[in-house]
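Report on the structure given below.
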Amino acid sequence: MKKLLLLILLFSVSLKLTAAGNSIVKGVVTDKQTGEPMLGAVVTLKNIKTSGKISTATGLDGSFIFKNVEQGNYELEGKFISYQDSETIFSVAAGEVKTVNISLQTKSNGLKEVTIAGKVDAGSDQASRRIEQRSDQVLNAVSARTIEVSPDITVANVMQRVSGVSVERSNNGEAQYPIIRGMEKRYISTLVNGIKIPSPDNKNRYVPLDIFPADIVDRLEIYKSLTPNMEGDAIAGVVNMVLKTAPDVFTVQANLGTGYAQSVSANGFTKFDQSISSSRSSRINNGANYIATMADFPNNPQHFSNSKAPLGTIFNLSLGGRTKNKKFGAIGAVSYQNQYRNTSSIFFDTEVDPATNDPSVQSIEKRSYSTQQERTAIITKFDYRFDHSNSISLNASYINLTQNQYRFTSDTSLTLGRTAIGNGRVTQDPRSVKTVQQIYNFNLQGDHHVAKHFSINWSAVYSKATANENRSELALITGRTPQPDGSVLQQPVSIDALKGQTRIFGYNTDEDKSGYLNFIFKPEIFDVHVEFSAGGMYRNKTRNSTYDNYTLALPVSNSTQNYNGNIDDNTFVVSTIQGTQSDALNYNFTENVGAAYGQFKFTIGKLQTLGGVRYEYTNQDWVSALPNTQTGKTGSIKYYDFLPSLNFKYMLNDQQNLRLSYYSAISRPGFYELIPHTGGDPDADYKEVGNPYLKRVTAENFDLRYEFFPKALDQLLAGVFYKKINNPIEYTLEKSGLDYVLKADNFGTGYNYGFELDVTKYIHNFGFRANYTYTESKITTTKLEDYRNGEGFLTARTVLQSRPLQGQSKILGNFSFLYKQPNTGFDAQLSLVYTGARINTVSTYYENDVWQKGFVTLDFSTEKRLFKKIYGYAKINNLLNTPYQLEIRRPYPMSGQVVELQTAGQNTFVRKDSYQQYYLIGLRYKL
Amino acid sequence: MKKVFYQFALAAGLTLLLNACHKEEIVNISVPLVQAGNVIKSDTLKGSVKGTMLSGKTYYFSTDITINDGDTLLMQSGVKLIALGDGKTAATAPEIFNHGTFISLGTKDQPNYITVNNAADLHAQAATQNYTNVFQGWWGGMVCTPAAATASNPTPLGGDVIIKWTHMEFAGSPAGPNNDAAIYASGDPRWMIYFANIKKNFIVEDSWFFGSKDDNIRTAGGKISIMRNTFELCGGVGGEFFNMKSGTVGDLAYNMCIGSATNSLKASDAGTSGTQCNVNMYNNTMINGGFRQTKTGRGGSIDYEKGARGAIYNNLIVNCRFGIRITSDADVANVVYNNQYFYGYSPAIVAQFYSADGVGVKKSADIISTTPQQNNPLFYGYDVNTYNFTANPGPITANLQPYRLLSISNSNFNTESNSPGINKSKTDFTPMRAVITTGNYGATITLPGKDIGAYQSDGTGNQH
């Protein structure tokens, strides 16, 4: 019986074998030029004899597999959009597991892609390795395809997926600035196609990355070490956005979607009348002697309306191709995003108790924001290849971020008029702000192979960033005042007679004219290929700023006016009739940076050495509108730096590298930080003041990293780093007169060291990426401590305190999980980011620094092919509704005011912002 | 050959590592321009000034003037100093920047004036109960601080400010570019006097203050003696007669305060001086204060806030919207008080003799009642019951307040011999005497008097 069964079994198995075969054909499809595995490539296996065909699509790691293949002769075809088809003929024996790898070549005429070595050397000569592996320096890269399937719609969002990178968010919860290895945004420079671009931000040099829609980027590169041919103003690293370039065949991509914020579902979204909100001030329009009247300040920005459930829009279209002879290529991309979201925030204004130095809360402020952001980007790139040795390209882009924000704050004093929960003085403040930030960038580049071993490349760049801000604020007063009989009286809402309305007009431009020139000489010396490069750059930057602040107060003859929600029922007079023409924020700042470098690179055996030195000269000059009776009306600062750099890469084998690098770098203070201004940022919790004596930061940096690339996209990166930072710039909370002010200052010498780990693993349809960074940093500075002296008087003494650097999280972690089913065109991604606690603001007072609590964010995205070339996608950001929270790590005192959110004995609560989830669904079309 | 390369690489590496070079910045930041002080030669003051303004003469200034560190500007008796301008912008509302010593030596017979050209017209308008122009702010007041440090003078000391028998009026136009942003934000109304110098003396005696737009005098540090002055009609929509912050130490006594927008005298340790605000307020008279302040929970006569300490005795507080207010964040344990005399026309005023949002409580020797219109102080020439505070509880626009409520005009605030305040003072404490009391320029400190209020039945106290 048993034998019979066995026989039947054997028979049936052999039947099946003859029917379908017992061989397997598998392999990986890669890009011939970059070596990157290609996901979604169509692979067809064709039996030459029978002409029978089966097809499949490659998975995340570029892999494919055909099972149950009969023995015989086959043709394997690999196909991908804008790539040449590849055909391989082979035979398969019975039971064989045949591996056939396919590498696809782009449909170009074989010319090398233009790379500009003087700014960023992507190292395209080692085409078989992935960017990170073959790079000359410590680098992480994110490809357009990774961005496409991620939940991210701005470049800033993408950044947080990179190992050792966290982000700083704006008050609407949108990621805005990168923080590399926990180092502040000021230590990072931002490049577009390898060229530094000016920032439209009125406060910072660094460009807010949320201005860039993610879909215009072809590749995002994060350099964590510098080579001499890179600008030295990047202690923590460099973010390079490589914009899309012309493909070899005509390509169309389109994406249309809509978004919705959970936060607008409850109370709708507050809009304001923007009809006059892009104007300059009446002083700028009419001259310095103009006397402003109420006619110059219509009430439009204080007219509010509610929109029930506004839907966001996301749209982009890109078209590109080359002429038949492949000489001329063009690509144009248009991107538009429109988002509506609300934020709610609670903030405690804190000082210290004059007798105990414990935190003392002064007021509790509730803020609600309605923010509309519109991003428009137009990117074009044209290139012309004269011949195999000469090419030029022109890159012209325009980027616009328009933000309309309504904010309402209600601030209850906890010290005055407060005798119990629920009463006290209250100030309220409805505000509208329209900010338009724009960047224009024109970049002409040329690449010439002059002789066999000698090439030249150059760039001429003009770019301009502008920002215009119109702000309208109304100061209201109300309160719940304790009465002598113990009752609490609700006061009417009245207008603060002195402050009334504030109208602010801020405008700044930042204009760069730069030129880059590089010579590359690749001789062979003693049979060793050596690459010498030398070159230089010069940039003339001019930043102009104008600022006017008008107060519209109540007339003395009508000083007690209640507010019923309609400002048209109230009467105001202009009390600052000529604006603020001598405010320091009216300034012209010129910065000229000249640089020259020499660099060598050679490989002997398994060791690649890249080194050299860079010289950078900085010459800054400013004139502000301050009167000459004030410090810092004019200023000039000059310095130069020699910045050596040395990078060793030891290639243990094909799959493993060991890198050791050293570089020296600097960080220049921002213009806003140097100009001796007071105030200027409506969102700062404290008034900000400038510091003309601020010095640049200098740092010596060391990196050691081990890299393992077992196969395809898989990788393991592990490294340690050490930075010695001289004169780090930090924002500190100081007293000035009766107020606390925020001021940038240099703080001795800081140290920053740690390790990072980055693992990526793909198993056909599944993939996961994880990274972890641990950073220890330390700086010791002098602080004040308030106390009551022996005679019973309140006074203060100085003490030393050690702490981490500002913005430095000890632990950063990322985890993302991907699933992709190529046959049905389905994929999904879940991304988690952990950002450890870090110092948000440094206090003047001992042990009173304000910390941002550690937090976890979770985002989800999914995409599914619906028709042939149309995909549907959905993204959900901030699944966990993670708040932004600040605290002082000092117990709230037992004697402190009893108030919600503060618990005696626990850390003092400072701020909490909640953003809620954001949903996006749409369609994507790829030709 | 490869060896050669290794050696080259090593050598190059080491050389580079040793040679990172960050050249020190060459910094050239403009410092405040200081003009040498010019001795006064004509009746027009300009730029940096020093010297003596001669008795009986009138002087003018139409642009900001500065008294440099180490210099002195002195007004003999009977001098008028007139600020010229329309007050609408900082450029047309001159200010006195005092980084040195300022002395005004008026006398009872020959008082001095620091005022504006159209003062008579403004007084006339005020008398018709029209304060719109009065509170416009016509000049920039006087800011007294040490000069900014320069390379040649790294620690300027500043100087004393001594003001005797002087009328100061109508300051308050918006601050402008020449102002230190730590003191005034651009566009803020300026005060009649701002004094901030923890080591120097600020003496104000027997003087008159009228028509300041916001705070009349503010101190952020200083040794003070404020005696026997008259404060009238200051603060259009808010503001104190005398507002003290951290570092202020001294006495305020025998001052007659009428018609303040908010408090008459306010002490707070807000600020950075490291010296606690510690002031005594005794034998002052305060009337009709606090009604123009539109904000809730502010006070209307005497206020101790945020870490301030000191003694409060023998003050006569009549028809002020709020009486003594000691907030819970004051240095409550070190604020001592007693022997206050309160009068209130309306139940609302009576209920707030000790402000309900403060922690002050009735003391044993207070003259205080829970009934309106009890304990009339019996002024010689002022009826405390003419104005209906019940119908007008505040906040109120200035132009609805009768002139007599806000200024001395022809009233007389001496008390009759049968006033309940006679002989009810505490006299067994000593003033702080924080200032110099010797010589021509020294302070004349009047000790606590036996009658409550600024006017004593023996003729001492306030001499106006």
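These values consider heavy atoms only, across backbone and side chains, with no hydrogens, waters or symmetry-generated copies.
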Qualifying residues under side chain to side chain contact (heavy atoms under 4.5 Å, CB included), relative to V426(A), sequence neighbours excluded: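 Expected list: S410(A), T412(A), Q428(A), T478(A).
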Mind checking side chain to side chain contact (heavy atoms under 4.5 Å, CB included) for S636(A) and listing every partner two or more places apart, or none if nothing turns up?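 For S636(A), the residues satisfying side chain to side chain contact (heavy atoms under 4.5 Å, CB included) (neighbours in sequence not counted) are D621(A), K638(A), N28(B).
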Test P627(A) against every option in D64(B), N179(B), N178(B), L33(B) by the side chain to side chain contact (heavy atoms under 4.5 Å, CB included) rule and name the one that passes.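 When D64(B), N179(B), N178(B), L33(B) are each tested with P627(A), the side chain to side chain contact (heavy atoms under 4.5 Å, CB included) holds only for N178(B).
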Contact leader toward chain A among Q352(B), K88(B), K306(B), R298(B), where contacts are heavy-atom pairs under 4.5 Å: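 With the most close heavy-atom pairs to chain A, the winner is R298(B).
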To the nearest 0.5 Å, what is the distance between CD on E25(B) and CG on N727(A)?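 So the gap between those two atoms works out to 7.5 Å.
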Approximate separation, where rounding is to 0.5 Å, of K213(B) NZ and L498(A) CG: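 It is 6.5 Å, given to the nearest 0.5 Å.
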Does some side-chain heavy atom of I26(B) sit less than 4.5 Å from a side-chain heavy atom of I637(A)?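 No. Closest side-chain heavy atoms not under 4.5 Å.
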When you compare the side chain of T631(A) with that of V31(B), does any pair of heavy atoms fall below 4.5 Å?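 In short, these two side chains do not touch, never coming nearer than 4.5 Å.
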Would you indicate whether N289(A), at its atom CG, is surrounded by more than 12 heavy atoms from other residues, nucleotides or ligands within a distance under 6.0 Å?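 Count not over threshold, so no.
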Contacting moiety of L794(A), where chain B heavy atoms sit under 4.5 Å: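 Interface part for L794(A): both.
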Side chain from CB out, backbone as N, CA, C, O: work out which of these in I666(A) comes under 4.5 Å of a heavy atom of chain B, or both, or neither.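 For I666(A), side-chain heavy atoms alone lie under 4.5 Å from chain B.
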How close do V556(A) and Y131(B) get, counting heavy atoms only, and between which atoms?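 So the two residues come closest at CG1-O, 4.2 Å.
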Is any NZ, NE, NH1 or NH2 atom of the basic residue among R788(A) and D331(B) found under 4.0 Å from an Asp or Glu carboxylate oxygen of the other?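 Yes.
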Strictly distance-based, threshold 3.5 Å: is any side-chain N or O of T795(A) a donor or acceptor partner for the main-chain N or O of G274(B)?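 Confirmed, T795(A) side chain pairs with G274(B) backbone.
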